[in-house]
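All residue numbers refer to positions in the sequence shown, counting from 1.
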Amino acid sequence: MLDKAVAAALSSLLLLGAAAAHADGAQVAELVPVNPPTMYYPAPSSGPAPAPRTVAPSAPAAADPTEKTGPAELEDGWEGGPSRDRDGKFAYCAIEGRFDTGHVLMIARNVKGEVNLGMGIPGAELPNGEQWKVKVVVDGKLTRERRALAPKPDMLVIPNGKDEELYTALMNGKEVVFASDADRMAFALKGTKKVLTDLKTCVDKAGAVPPIDTRTKKVATRPDALPEGLADLLKAAGVRDVKRVSLENVPKGERPADMAWRIGPIVGGIRERLVEEGSKLEDLSAGYVDAMKKRCEGGEPTASLSAIEDLPGLMLRTGSVDCALKEGKMHVSLTFFLSPGRLFTILFHEAQEADIGLADKVRDNLAEVLRRLAVNPPSTQPSAQAPASPAPAQTGKP
């Protein structure tokens, strides 16, 4: 059961449930977080690897050789599945496995057969955008000379393009080694015959397959956890201590959001829908606000909408609605955006009068992050500098 504070917030937030009236008959899209979960690394790309921006004195340390001399062993099994782009379209499939050294080995494949290999290195502090020359060696027989990128401080990605010989070697091999002039990391290839076959099937069927999971010990998802991509977006906006709010007891047709969460005293949510060809953000956002205003129980509702921003990767608009309810005055801060693929997204945060500033701060920070992501989307520019986080939205009161 929800505590009383959350229940009260959701009772007022339910007015948002009718705000989809402007999109009657629209196809319901699968929830796709703005910064999509990409298994922690970029999708495979056919573009040639750029020359290194800087010359690194040495490759990042992969492991402490005093702790382990043989190849790292898979702890349990592999997990993964399809990933979608910001337009909600199938992009590629990926799998990952955690090893007894703490490293994570990741493999992604797209419809062109292009493959990325990735390695998660806990605690590493790799300089963003730099590159290192590495060799990928399978069973001491097949060797590829590549460049490793560092899209995140604790991760290396090795683009391989389309290389079926390498893919087959990874399926049938016993060990893969990543070696540079300074470091060497080896992984035992356990279970890759099945999992890479499943990975290719996932791609061939455009992601219309069950999740890939060969683990014997299933790790339950925390009930209060948000999808990684959505959580990353909120984190980039300076939001901390986000708690997911369950909507299981609300009938699907009456839910105010695809997903909801709580940030201190405010409640937020996201709705995403595929809209008709030619739909305009001006009409979609205005229709949503009008539907909200009609649900206000007392007093004269007020609303404000910003000018529309035409950004490289999306159309963006912010706004707010204020209305009187039995529980008191309610303020809803709104962030709207429309992708070229017709995915219309609404992020909202509702607050009582004392916390309006917090709700607006979250909205403004989200808009700033979206502006930066529109210019440098992480899925297409893996070596680009990640957007800096705006000032944190403090949930505590002064």
Side-chain angles (χ1 to χ4, degrees), residues 38-74 92 94-110 114-163 165-167 169-170 173 175-189 192 376-388:
T38 55
M39 303 299 289
Y40 314 107
Y41 61 108
S45 172
S46 58
R53 294 189 310 169
T54 60
V55 178
S58 66
D64 183 349
T66 65
E67 295 182 0
K68 187 175 181 64
T69 57
E73 298 289 341
L74 189 66
Y92 61 95
I95 53 98
E96 65 175 42
R98 185 168 296 278
F99 286 71
D100 58 6
T101 56
H103 295 78
V104 177
L105 178 61
M106 302 167 279
I107 305 173
R109 182 183 177 105
N110 67 10
E114 297 158 346
V115 174
N116 274 3
L117 301 177
M119 180 169 62
I121 311 172
E125 296 182 359
L126 309 178
N128 179 274
E130 292 192 7
Q131 300 180 28
W132 295 265
K133 292 181 179 180
V134 298
K135 288 184 179 180
V136 179
V137 183
V138 181
D139 292 344
K141 301 175 182 178
L142 182 142
T143 300
R144 296 290 187 265
E145 294 188 357
R146 305 296 193 206
R147 292 191 186 277
L149 315 175
K152 288 188 176 183
D154 59 353
M155 177 180 61
L156 285 179
V157 173
I158 305 172
N160 290 276
K162 186 174 182 179
D163 191 334
E165 185 180 11
L166 173 61
Y167 196 80
L170 292 170
E175 178 183 279
V176 61
V177 174
F178 301 104
S180 70
D181 292 338
D183 297 285
R184 179 183 186 277
M185 186 63 205
F187 295 93
L189 295 173
T192 51
N376 293 304
S379 61
T380 58
Q381 298 187 25
S383 62
Q385 180 67 38

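Nearest heavy atom pair, residue Leu156 against residue Ala148, reads CD2-CB, 4.2 Å. Among all heavy-atom pairs drawn from Asp139 and Gly173, the shortest one is OD2-CA, 3.2 Å. The two residues Leu149 and Pro159 come nearest to each other via the heavy atoms CD1-CG, 4.0 Å. The minimum heavy-atom distance between Ala169 and Val138, with the atom names listed, is O-CG1, 3.6 Å.
The structure places CG of Leu189 at 7.5 Å from CG of Leu105, a figure rounded to the nearest 0.5 Å. Residue Trp132 holds its CH2 atom at 5.0 Å from CG of Leu126, rounded to the nearest 0.5 Å.
In this structure Ala186 satisfies the side chain to side chain contact (heavy atoms under 4.5 Å, CB included) test together with Pro71, Glu175, Val177, Arg184, sequence neighbours excluded. Listed by chain and number, the residues in a side chain to side chain contact (heavy atoms under 4.5 Å, CB included) with Glu145 are Lys135 (sequence neighbours excluded). The side chain to side chain contact (heavy atoms under 4.5 Å, CB included) test applied to Arg146 returns Val134, Val136, Arg144, Ile158, Asn160, Asp163, not counting sequence neighbours.
At least one donor-acceptor pair closer than 3.5 Å links the side chain of Asp100 to the backbone N or O of Glu73.
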Can you check side chain to side chain contact (heavy atoms under 4.5 Å, CB included) on Arg109 and Glu114, steps first, answer last?
CA-CA 6 Å; Arg109 182 183 177 105; Glu114 297 158 346; over 6 Å; no
Begin with the C-alpha distance, continue with both residues' side-chain angles, and end with the deciding distance and a verdict on side chain to side chain contact (heavy atoms under 4.5 Å, CB included) for Val157 and Asn116.
CA-CA 7 Å; Val157 173; Asn116 274 3; 3.8 Å; yes
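The closest side-chain heavy-atom distance from Phe178 to Leu117 is below 4.5 Å. Between Ile121 and Met185 there is no side-chain heavy-atom pair separated by less than 4.5 Å.
Applying side-chain contact (heavy atoms from CB on, under 4.5 Å) to Val104 and the options Met119, Arg98, Met155 leaves one that passes, Arg98.
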